[in-house]
Enquirer: 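Let me begin by handing over the structure; questions about it come next.
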Amino acid sequence: MTLALQGVRLIDFGQYLAGPFGPMILGDLGAEIIKVEPVTGDGMRLATKPFFGCQRGKRDIALNVKDPRGLAIALELVRTADVVHHNMTAGVATKLGIDYQACKQVKPDIVYCNTWAYGLEGPLARFGGLDPLYQASSGLEHESAAVHEGNVPLYYRFGMCDASNAMLSVVAVLGALYHRKRTGEGQEVWTSLFDGGAIFTSDAHLVGGVPAPRPHLDKELMGVSATYRLYRTQDDDWICIAAITDDEFRRLCTVLGVDELVDEPRFATGASRSEHRRQLETIFEARFRTKTARFWTRTLDDAGVPNEVPVDTQGGEAPLFDSDNVELGLVARYAHPLLGEMRQFGELIDFSETPGRVAGPPPLVGQNTRAVLHELGHRDPEIDALIADGVCYEPDDHYAERFAN
Amino acid sequence: MPGALDGVRILDLSWGIAGPLGVLLLAEQGADVIKVEPPGGDPFRAYDGYRVWNRSRRSLTVDLKSDRGRDVFERLLRTADVIVESFRPGVMDRLGFGYETVHAAHPRVVYLSCPAYPDGHRFAQRPGYDALVQASSGQMWEQPGWRTGPIFLHMPMPSMGAFYLISTGVLAALLAREETGRGQHVTTSLFAGAMLYTTQIWQHVEKSKAQLHELMGKSYPPGIHQTMIFECADGWVHASIMSGLTPTKSQDAILGLDDAPDPFAFMALPADEREKFNAKRREKFKQWKRDDIVAAFQEHNHAIEAIITPDEQFEHPQLIANGMVKTVVDPVVGETTQIGTPLHMFGTPTAIQGPQPTPGEHNEEILKELGL
């Protein structure tokens with residue numbers, strides 16, 4: 001045995017992001033992922049980067065599930081599978097004939113996961129949705145911009161609510177697979193973008209109905225306290241400091257040449273430094289402006305004050321070509337049949353006994369249609385007919401005119 | 001009905017955000033989690049939000065630097081399936097409980113390490129507070145804001161990525177153990193957690209089709225989604241036309257703008273022309289109350305959410321419908337309202353297992369179980 005999820009087969013009926021990303025991560029852990037893609041292509045293909053970010057390592061069969069012959073093939077696939085995974089909105093899977101009941105009928109111990117926008121039931125359950133809405137509903141956009149300081153709310157461009165929903169589904173599917181391994185029982189599980197957003201602000205809570213205190217950003221979006229934030233240095237460069245303990249605060253004052261602050265009662269404890277945050281920041285801001293970021297990081301390192309110079313990613317290229325990141329497997333490289341070498345983050349979890357792998361680039365639409373159908377026992381004349389009738393698709397001479405990638 | 005991880009015992013030595021929250025997703029699937037903390041307690045307990053991330057587990061205080069403490073921990077290890085720790089590389093070795101030592105004596109134990117940076121990285125011995133990893137990973141530079149330069153992310157994004165990698169790594173190793181009978185060393189990091197959330201934006205493509213790729217580039221103002229944030233008479237909303245829903249009336253018609261362009265043609269307009277029309281939209285939005293425009297848009301099948309504070313979430317009808325608003329009686333502060341568990345599993349239901357424990361709250365109980 002070489003892979004943690006060796007022998008696990010997952011059928012991925014999802015499109016866009018919050019559906020497909022979870023199966024991609026499970027594929028990295030060794031599961032075999034078969035993406036069942038509409039013959040017209042995943043709706044996200046046009047968006048290139050986000051699409052590529054959620055599809056690597058999958059095999060791909062292009063299938064019109066709305067056609068009875070397509071549905072029959074989909075259910076044949078489910079019969080060979082351990083997991084079914086998708087992000088269709090309410091009612092769609094039932095209408096198509098691939099909901100949990102239908103899948104369970106052909107594979108009684110199937111693990112079935114639906115990643116919703118909002119949830120299974122409730123006032124908004126029938127709604128679709130996308131990442132920004134859940135950055136709004138969880139309070140992220142309010143906090144990210146310090147709206148309480150009069151700023152306009154700020155959208156985080158990482159699309160983390162999509163990823164959060166997908167990762168919740170990974171955890172739920174793995175828990176269900178573990179249960180199945182021990183008992184033989186499958187089950188239905190679900191997660192949502194909405195809950196995926198909520199977990200990011202899960203430190204927020206009420207005590208006796210009153211919000212518990214949380215740190216907030218300042219108007220300039222520098223940080224959450226005078227000693228845990230960014231400072232502008234000479235030459236308009238930047239440094240981030242994290243002087244959490246009293247001892248680190250003392251050493252920070254020494255490095256900045258303001259030793260006298262240490263003895264002032266208003267800065268004596270973490271609590272009093274919070275209370276007089278603005279006063280302390282004004283002093284520190286002026287001091288940090290007098291030297292370069294490189295000077296400060298060397299000096300703070302020598303004094304044992306946690307700090308970092310923020311790295312400019314140059315659009316994400318820098319980390320993907322960073323030699324340490326590449327060497328440690330944090331960068332994955334693979335060749336796409338049309339677009340040449342691709343890079344993305346690599347294996348984010350290391351296993352000493354069952355190492356993961358990146359199985360390959362994002363697939364073309366229907367790249368493995370014929371191979372997958374062969375495995376199911378279909379023969380070439382039948383496959384040719386399915387393709388001719390538009391029930392299935394495999395890449396042909398007109399691929400580039402039809403699909404973005 | 002028991003949870004999926006019923007009978008699995010996890011020793012949680014982690015501090016910070018990623019470890020406790022990663023373990024939480026396992027605890028609320030029914031794993032028996034013992035938080036092993038130093039006398040006096042995990043230093044991160046000073047943060048109020050920690051009482052949410054630290055719930056659903058028991059607490060044992062033990063001094064791993066003392067002979068008696070090591071003896072207790074050694075006995076505990078014999079009962080454990082999983083260890084989770086988040087110290088810098090080398091710290092557990094110095095305590096005498098590094099992976100090699102533990103694995104030799106307890107080959108079935110899954111041993112998960114989540115330092116700030118991976119062992120072998122030039123940053124490996126750098127201090128690993130979340131904000132510093134935001135800086136070193138490039139997340140701060142990646143985020144546009146209301147000024148140039150790096151932006152401090154209020155959400156601790158590296159930790160919020162790493163916690164998923166912890167839950168995932170432990171579960172994958174437990175599954176593998178069912179086949180091999182052996183545990184293993186699983187490692188991830190806050191740095192890897194930061195990378196998890198770059199999946200939509202950090203892509204190198206040798207022969208990319210530039211115009212499509214550029215749409216996802218960093219820009220000022222920040223991106224297409226940002227332009228769909230609007231101020232109302234009493235707050236803010238995030239409205240989007242890209243939801244896959246079929247509206248029954250256009251947003252502009254609801255707002256009372258009759259000269260509106262087709263929404264998708266609008267997206268293709270040059271930025272300054274878009275801005276001209278958006279100025280009119282902003283005027284209209286300001287005439288609405290936040291909750292009224294949300295209701296009016298939803299009635300016509302438009303995706304929209306009020307931009308609320310994190311504390312307002314607990315009144316959101318969908319959060320309530322998802323079973324995600326829970327009362328937890330905390331041993332220190334009493335009745336609290338917290339989010340529930342976001343894993344919805346019909347065969348093996350998840351549940352909050354209890355409030356955060358006080359430091360050492362379960363010392364007697366656990367020592368008795370160990371026969372001490």
Enquirer: What part of A:E121 is in contact with chain B, defined as an atom under 4.5 angstrom from a non-hydrogen atom: side chain, backbone, both or neither?
Expert: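 The backbone, not the side chain.
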Enquirer: Quick one about A:H205 and B:D311 (side-chain donor to acceptor, distance below 3.5 Å, no hydrogens or angles considered), yes or no?
Expert: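 No, no side-chain donor-acceptor pair sits under 3.5 Å.
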Enquirer: Taking side chain as everything from C-beta outward and backbone as N, CA, C, O, which of these in A:W190 sits under 4.5 Å from a heavy atom of chain B? Side chain, backbone, both or neither.
Expert: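 Both backbone and side chain.
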Enquirer: Any side-chain donor paired with an acceptor under 3.5 Å for B:Y164 and A:S164?
Expert: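 Yes, side-chain donor-acceptor contact under 3.5 Å.
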Enquirer: Show every salt bridge (charged side-chain N to carboxylate O under 4.0 Å, His left out) that has at least one partner inside residues 338-349 of chain A, sequence neighbours left out.
Expert: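 Those involving residues 338-349 of chain A are A:R333-A:E341, A:E341-A:R343.
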Enquirer: Applying ring-ring contact (aromatic ring centres under 6.0 Å, His included), name anything that partners A:Y118, two or more places apart in sequence or on another chain.
Expert: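 Only A:Y134, A:F194 meet the ring-ring contact (aromatic ring centres under 6.0 Å, His included) criterion with A:Y118.
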Enquirer: Could you tell me if A:E141 and B:H238 have a donor-acceptor pair between their side chains, going purely by distance under 3.5 Å?
Expert: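 There is such a pair (donor and acceptor under 3.5 Å, judged by atom type) between the side chains of B:H238 and A:E141.
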Enquirer: Pick one of side chain, backbone, both or neither for A:L177, based on which atoms fall under 4.5 Å of a heavy atom in chain B.
Expert: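 For A:L177, backbone and side chain are both near chain B.
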Enquirer: At a heavy-atom separation under 4.5 Å, does A:F21 approach chain B through its side chain, its backbone, both, or neither?
Expert: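 Interface part for A:F21: side chain.
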Enquirer: So which part of A:E220 gets closer than 4.5 Å to some heavy atom of chain B, the side chain, the backbone, both or neither?
Expert: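 The answer is both parts of A:E220.
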Enquirer: Verify the distance criterion only: is there a donor paired with an acceptor across the side chains of B:Q313 and A:S138 at less than 3.5 Å?
Expert: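 No.
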Enquirer: Would you mind checking if A:R182 and B:E178 are paired as a salt bridge, meaning a charged N to carboxylate O distance below 4.0 Å?
Expert: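 Salt bridge absent between B:E178 and A:R182.
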Enquirer: Which bit of A:V152 comes within less than 4.5 Å of chain B, counting heavy atoms only: side chain, backbone, both or neither?
Expert: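 The answer is both parts of A:V152.
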Enquirer: Can you see whether A:E353 engages B:T180 through a side-chain donor-acceptor pair at a distance of less than 3.5 angstrom?
Expert: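 The criterion, which ignores hydrogens and geometry beyond distance, is not satisfied for B:T180 and A:E353.
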Enquirer: Measuring heavy-atom distances to chain B, does A:D301 have an atom under 4.5 Å in its side chain, in its backbone, in both, or in neither?
Expert: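 For A:D301, the side chain is the part near chain B, not the backbone.
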Enquirer: Side chain, backbone, both or neither: which part of A:L330 has a non-hydrogen atom closer than 4.5 Å to chain B?
Expert: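 Both parts, heavy atoms under 4.5 Å.
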Enquirer: Measure distances from A:Q15 to the heavy atoms of chain B and classify the residue's part below 4.5 Å as side chain, backbone, both or neither.
Expert: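 For A:Q15, there is no contact with chain B at all, as no heavy atom is under 4.5 Å.
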Enquirer: A:L339 versus chain B, heavy atoms under 4.5 Å apart: side chain, backbone, both or neither?
Expert: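 Its backbone and side chain both get close to chain B.
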Enquirer: Could you verify whether a donor N or O on one side chain and an acceptor N or O on the other, from B:H225 and A:D131, lie under 3.5 Å apart?
Expert: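 No - no donor-acceptor pair under 3.5 Å links their side chains.
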Enquirer: Heavy-atom distance under 4.5 Å to chain B: side chain of A:I239, backbone, both or neither?
Expert: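 Answer is neither: A:I239 stays 4.5 Å or more from chain B.
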Enquirer: Just by distance, no angles: are the side chains of B:E142 and A:T313 close enough, under 3.5 Å, to form a donor-acceptor pair?
Expert: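 A donor-acceptor contact under 3.5 Å links the two side chains.
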